[in-house]
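Throughout, numbering of the chain's residues begins at 1 and tracks the sequence. Just follow the structure's listing: the first ligand is 1, and inside any ligand the first atom is 1. Values below: all heavy atoms of this structure, side chains included; hydrogens, waters and symmetry mates excluded. Being a predicted model, the structure only gives us computed values, none of them experimental.
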Amino acid sequence: MSSRNAIGVFDSGLGGLSAVKEFLHVLPNEKIIYFGDTGRVPYGNRSRDTIKKYAFQDTSFLLENNVKMVVAACGTVSSVAGDDLEKKLSVPYTGVVNPTAFTAAHKTKNGKIGIIGTAATIGSHSYKLRLEKLNPKFKVYEQACPLFVPLVESGIICRDDQIVRLVVRRYLSELKDEGIDTLILGCTHYPLLRDAIFDFMGENVTLVDSGYETAVYAAKILKEQNLLNDDCAQKNPEFYVSDTPDGFESVAGLFLGRDMEHRVTQIDIEQY
Ligand code: DGL
């Protein structure tokens, strides 16, 4: 099951498959090993210590599979445990915060940037701190959107849905009133609400998707370190979860943007 050539991607659950979708597109010659902690999701409202403990268990599982790089697709993990992971891992690591903040910093014209994420991500101020380091003159506006995750997981994502429109308005009104021109979608689930967010914010606000930016950044790191595959003979992705995979195809397919064609294996994450 293991492959020294694989990129290990993990998330608190299935949301990270929205990043895998981008990885498969940006890095078509790479093999992905994905772990989704479906037995312990959500992470976004847990304590820092718990999120860190889970993040290290998740990465231990990936490292046991000899991955050449670890990617935290989860906004929450990247925000709370990213620095610790980067220091301690023996292979290249990236979370979503740095690449996404970097792109937002280059896209903004008026220097007013919004960031939306889980309560833990917003509470960590990870994006704000990173953006202000890139340019102390930036004005950064943060907003936690805790109802977005359950909405997406219930499949309620349509731009015309009344509930979606109401919740989007409720969370994003202040950011809109502040006149931001760039908005970071700082959570795995938010790309699925992209259309509704676009409708509300308008075409003058650039939406920055953490999954895509992270895939592009991972490609850059692998290239710099001479770790890119020219081609990988066995590049079918492998998917692992910590709860039963029965009946999860529809949610997984939502994030992946296509049917789950590959077998999913359940593991005991508590043993790591
Ligand atoms: N994957 C999480 C994130 O991107 C969202 C779901 C959760 O709260 O665990 O922050």
- Test salt bridge (Lys or Arg N to Asp or Glu O under 4.0 Å) applied to D58 and R40, step by step: CA-CA 11 Å; D58 302 346; R40 304 188 296 194; 3.5 Å; yes
- Please check if the side chain of T38 supplies one atom and the backbone of D243 the other of a donor-acceptor pair under 3.5 Å. yes
- For atom 8 (O) of ligand 1, which protein heavy atom lies nearest, and how many Å away is it? G44 N, 2.8 Å
- Query: Considering only the protein, which heavy-atom contact is closest to atom 5 (C) of ligand 1, and what is its distance?
  - Reply: C187 SG, 3.5 Å
- Note on the structure: ligand 1 to T118, heavy atom cutoff 4.0 Å, flagged ligand atoms 5 (C), 8 (O), 10 (O)
- Quick look: D11 vs ligand 1, heavy-atom contacts under 4.0 Å, and the answer is side chain
- Message: For a quick check under 3.5 Å, do N65 and Y240 share a side-chain donor-acceptor pair by atom type?
- Response: no
- Query: Quick one: which ligand 1 atoms are inside 4.0 Å of a heavy atom on G75?
  - Reply: 3 (C), 4 (O), 10 (O)
- Task: Can you sort out which atoms of ligand 1 are near C74, meaning under 4.0 Å from one of its heavy atoms?
- Result: 1 (N), 2 (C), 3 (C), 4 (O), 10 (O)
- Message: In this structure, would V96 and M69 fall into the same cluster of hydrophobic residues linked by side-chain contacts under 4.5 Å?
- Response: no
- Message: What verdict does the side-chain contact (heavy atoms from CB on, under 4.5 Å) test give for L228 and N29, after you've listed the backbone C-alpha separation in whole Å, the side-chain angles of each residue and the deciding distance to 0.1 Å?
- Response: CA-CA 8 Å; L228 272 181; N29 291 328; over 6 Å; no
- Within the 4.0 Å heavy-atom cut-off, what T188 brings close to ligand 1 is both
- To which protein heavy atom is atom 6 (C) of ligand 1 closest, and what is the distance rounded to 0.1 Å? S12 OG, 3.6 Å
- Message: Below 3.5 Å, N or O to N or O, backbone or side chain included: is there any such pair between Y43 and ligand 1?
- Response: yes
- Protein heavy-atom partner closest to atom 10 (O) of ligand 1 - residue, atom, separation in Å: T76 OG1, 2.6 Å
- Task: Could you please spell out the steps behind the side-chain contact (heavy atoms from CB on, under 4.5 Å) verdict for K112 and Y141?
- Result: CA-CA 8 Å; K112 291 184 173 185; Y141 304 91; 4.1 Å; yes
- Using the ring of each side chain (for Trp, its six-membered ring), is Y190 parallel, tilted or perpendicular to F148, with breaks at 30° and 60°? perpendicular
